[in-house]
Structures are given as structure tokens and as C-alpha cells.
Amino acid sequence: MTLSHDVAGDGPTVVLLHSTVCDRRMWDPQVPALVEAGYRVVRADFRGFGDSPMPDGPSGDADDVVELMDSLGADQVAMIAASGGGRVALEIAAGRPERVTSLALLCTAWWERERSADLRAFGAREDALLEAGDVDAATELNVEMWVGPAADQAARDKVREMQRRAFEVQLAATEEFPQLATEPDVGAITARTLLVSGAHDVIDFREIAVALSKRIPGARHVELDWAGHLPSLERPEAVNPLLIDFLRTA
């Protein structure tokens with residue numbers, strides 16, 4: 001299966017991988033800026049998000065993304081990834097280091113840590129609301145948890161729409177299949193790496209950025225004092241120059 005995706009612009013390829021609170025529409029503020037800066041921009045919906053249906057068998061997000069890259073003739077790419085999408089990018093960059101030249105991770109998730117009390121409480125509350133059939137409340141819980149204080153109402157509405165769509169696609173599935181993923185050796189990553197965290201984010205993701213900055217060779221960590229979990233949506237006018245400057249220094 002080829003993930004639902006779109007391509008814009010010409011030049012070196014940049015692949016955008018979305019947070020699992022969102023879908024590929026989260027990158028709407030970045031695509032025009034990256035195209036204007038001279039890049040071919042590819043963004044896709046993971047299975048069960050946006051316009052990509054749920055899998056009909058065991059599947060892996062990293063393999064899906066690499067299959068998409070192959071179909072587009074993108075032998076080497078830069079990757080920009082957010083939250084759960086960052087975990088997919090780490091798997092690709094560590095397992096296939098020759099394919100990824102630059103890696104920008106915004107509030108990335110990672111395997112190697114126990115979840116904080118705040119994150120466990122959030123997960124339990126979300127599960128309870130979904131089991132009770134209250135999708136609206138579960139959606140609002142996610143908006144409040146993941147959208148930082150710098151975001152405007154339009155950004156909040158966009159996250160609400162994307163999260164609601166993900167719940168609709170995933171809850172409609174009649175069968176669940178295993179997600180195939182491997183915990184990578186991040187020390188094998190050769191891509192230039194930028195780790196971005198938000199001072200208003202859940203502590204887990206700030207600590208992940210610090211830990212990865214020590215494990216990935218040459219990685220740089222930047223914390224944004226205004227940001228929550230989705231800085232590219234919260235203040236794109238601040239994040240876009242940061243990302244383009246990083247890509248151009250490759």
C-alpha cells in the first residue's frame with residue numbers, strides 16, 4: 001500500500017512525518033516556506049490517519065515511508081518529523097543511514113524511557129473516554145494536552161479536526177493488526193540531527209531530546225521557551241526559519 005501523500009516543489013527532497021495527534025495537514029504552514037526555499041516537499045499520512053486507511057495486515061510505518069520514498073525516486077532525503085513521527089524517522093535514519101542526510105525532530109517520541117505520571121494519567125483518561133464512546137471529550141483532552149500556549153485558535157481548531165479524524169478512522173476498524181517496528185541503535189545515525197523541544201511540553205519529550213542529543217553523534221538540541229508539543233503549528237513564523245537554516249547548513 002502507498003500512503004496517501006502529496007508532493008510540492010522541486011529540488012532536494014524533504015520528507016515531513018506528522019505527529020500521531022495530527023495528520024499530514026499539520027505541515028500546511030511549512031510546505032510553502034520549504035518550497036520557496038528550493039525543496040521538493042513530500043508529506044504523507046501514516047496508516048489510520050488523515051486519508052490513509054487502517055492496515056489490513058501487519059505493517060510498519062518506517063517500511064511504509066521507505067516504500068513511498070522508493071516510489072518517488074527519493075534515494076536520499078532530509079526528514080522533518082514531529083512527536084510519534086519522530087520515532088518513525090529515527091527508525092529509518094538508524095536502520096538505513098544512507099537514505100537520510102539531515103534529521104530535524106520536533107518534540108520527538110522514543111522507545112527507551114518509562115512514561116511519566118502525567119503521560120500515564122493522560123493515557124488512562126483518553127482510554128476511559130474512548131471506551132465510554134465520548135470521542136468529543138477525548139478529542140478535547142488531546143487538544144488541551146498537546147497544543148501549547150502560543151497557539152492561536154486556528155491552530156487549536158486544526159489539531160481538533162485532525163485528532164477527531166484519526167479517532168474516526170481508527171475506531172471504525174473491525175480488526176487490529178500488529179505494528180512492526182524495531183527499536184533502533186540511534187548511535188548508527190549519520191544524518192546531521194537537530195532536536196527541538198518545548199519548555200511547555202510534557203517533561204517526557206524534553207528529557208527525550210536531551211537524551212538523544214547525547215546518543216546521536218553530533219546532534220544539536222534547541223529548546224524553545226514558548227513552545228508546547230506542536231511548535232510547527234503553534235508559531236510557524238518562528239519554526240520555519242529554524243528548519244530552513246538547518247537544512248541549508250547541510
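The figures here come from the full heavy-atom set of this structure, side chains too, leaving out hydrogens, waters and symmetry mates. The model shown is predicted, which means the values in this text are computed figures rather than measured ones.
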Atom [atom1] of [X] and atom [atom2] of [Y]: how far apart are they, to the nearest 0.5 Å?
{"X": "Glu223", "Y": "Leu195", "atom1": "CD", "atom2": "CG", "answer": "12.0 Å"}
{"X": "Leu68", "Y": "His5", "atom1": "CG", "atom2": "NE2", "answer": "5.0 Å"}
{"X": "Met26", "Y": "Asp28", "atom1": "CE", "atom2": "CG", "answer": "10.0 Å"}
{"X": "Ser19", "Y": "Asn142", "atom1": "OG", "atom2": "CG", "answer": "9.0 Å"}
{"X": "Arg125", "Y": "Met145", "atom1": "CZ", "atom2": "CE", "answer": "13.0 Å"}
{"X": "Leu3", "Y": "Asp51", "atom1": "CG", "atom2": "CG", "answer": "11.5 Å"}

| field | Step-by-step side chain to side chain contact (heavy atoms under 4.5 Å, CB included) determination, Ile80 to Leu247 | value | CA-CA 10 Å; Ile80 299 173; Leu247 293 173; 4.2 Å; yes

| said: As a quick check of understanding, evaluate salt bridge (charged side-chain N to carboxylate O under 4.0 Å, His left out) for Asp70 and Arg99, giving each step before the final call. | reply: CA-CA 10 Å; Asp70 290 343; Arg99 302 295 299 269; 2.8 Å; yes

Can we say [X] and [Y] salt-bridge, meaning some charged N sits less than 4.0 Å from an Asp/Glu carboxylate O?
{"X": "Asp64", "Y": "Arg47", "value": "yes"}
{"X": "Arg160", "Y": "Asp157", "value": "yes"}
{"X": "Arg215", "Y": "Asp185", "value": "no"}

Any chain of hydrophobic side-chain contacts (each under 4.5 Å) joining [X] to [Y]?
{"X": "Val186", "Y": "Val210", "result": "no"}
{"X": "Leu119", "Y": "Trp110", "result": "yes"}
{"X": "Ile244", "Y": "Val31", "result": "yes"}
{"X": "Phe167", "Y": "Val169", "result": "no"}
{"X": "Val143", "Y": "Leu171", "result": "no"}

Does the side chain of [X] reach to within under 4.5 Å of the side chain of [Y], using non-hydrogen atoms?
{"X": "Pro29", "Y": "Leu233", "value": "yes"}
{"X": "Ile203", "Y": "Asp118", "value": "no"}
{"X": "Glu67", "Y": "Asp63", "value": "no"}
{"X": "Val42", "Y": "Thr13", "value": "yes"}
{"X": "Leu103", "Y": "Leu194", "value": "no"}
{"X": "Ser213", "Y": "Arg220", "value": "no"}
{"X": "Arg120", "Y": "Glu114", "value": "yes"}
{"X": "Phe49", "Y": "Met54", "value": "no"}

Please name the pair of heavy atoms, one in [X] and one in [Y], separated by the smallest distance, quoted to 0.1 Å.
{"X": "Ala94", "Y": "Ala188", "result": "O-CB, 3.9 Å"}
{"X": "Ala109", "Y": "Leu90", "result": "O-CD1, 3.9 Å"}
{"X": "Ala33", "Y": "Asn240", "result": "CB-ND2, 3.7 Å"}
{"X": "Val7", "Y": "Leu72", "result": "CG2-CD1, 4.1 Å"}
{"X": "Phe205", "Y": "Cys107", "result": "CD2-O, 3.5 Å"}
{"X": "Ser52", "Y": "Phe46", "result": "CB-O, 3.3 Å"}

Should the heavy atoms of other residues, nucleotides or ligands under 6.0 Å from [atom1] of [X] be counted, would the total exceed 12?
{"X": "Asp10", "atom1": "CG", "result": "no"}
{"X": "Glu36", "atom1": "CD", "result": "no"}
{"X": "Arg96", "atom1": "CZ", "result": "yes"}

| request: Take Trp27 and Leu34, measure what side chain to side chain contact (heavy atoms under 4.5 Å, CB included) needs, and give me the verdict at the end. | output: CA-CA 10 Å; Trp27 302 113; Leu34 290 167; over 6 Å; no

Heavy-atom donor-acceptor pair, [X] side chain to [Y] backbone, under 3.5 Å:
{"X": "Arg165", "Y": "Gly50", "result": "yes"}
{"X": "Glu234", "Y": "Gly228", "result": "yes"}
{"X": "Ser71", "Y": "Met69", "result": "no"}

Would you tell me whether [X] and [Y] have side-chain atoms, one donor and one acceptor, within less than 3.5 Å of each other?
{"X": "Ser4", "Y": "Arg24", "result": "yes"}
{"X": "Gln76", "Y": "Thr101", "result": "no"}
{"X": "Thr139", "Y": "Arg164", "result": "no"}
{"X": "His18", "Y": "Asp23", "result": "no"}

| said: Run Leu106 and Leu243 through side chain to side chain contact (heavy atoms under 4.5 Å, CB included) and show every step you take. | reply: CA-CA 10 Å; Leu106 309 180; Leu243 294 175; 4.2 Å; yes

| cation_pi(Arg87, Trp111) dist<6.0 Å, angle<=45 |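 Judged by the rule, Arg87 and Trp111 form a cation-pi pair.
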
| message | Tell me whether Arg192 forms a cation-pi arrangement with Phe246, defined as NZ or CZ under 6.0 Å from the six-membered ring centre and within 45 degrees of its axis. | response | yes

| task | Give me the ring orientation class for Trp146 and Phe122: parallel if the planes are under 30° apart, tilted from 30 to 60°, perpendicular past 60°. | result |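 Because their plane-to-plane angle is over 60°, the rings of Trp146 and Phe122 count as perpendicular.
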
| said: Test side chain to side chain contact (heavy atoms under 4.5 Å, CB included) on Glu126 and Glu131; report intermediate values, then the result. | reply: CA-CA 9 Å; Glu126 182 186 57; Glu131 288 170 8; over 6 Å; no

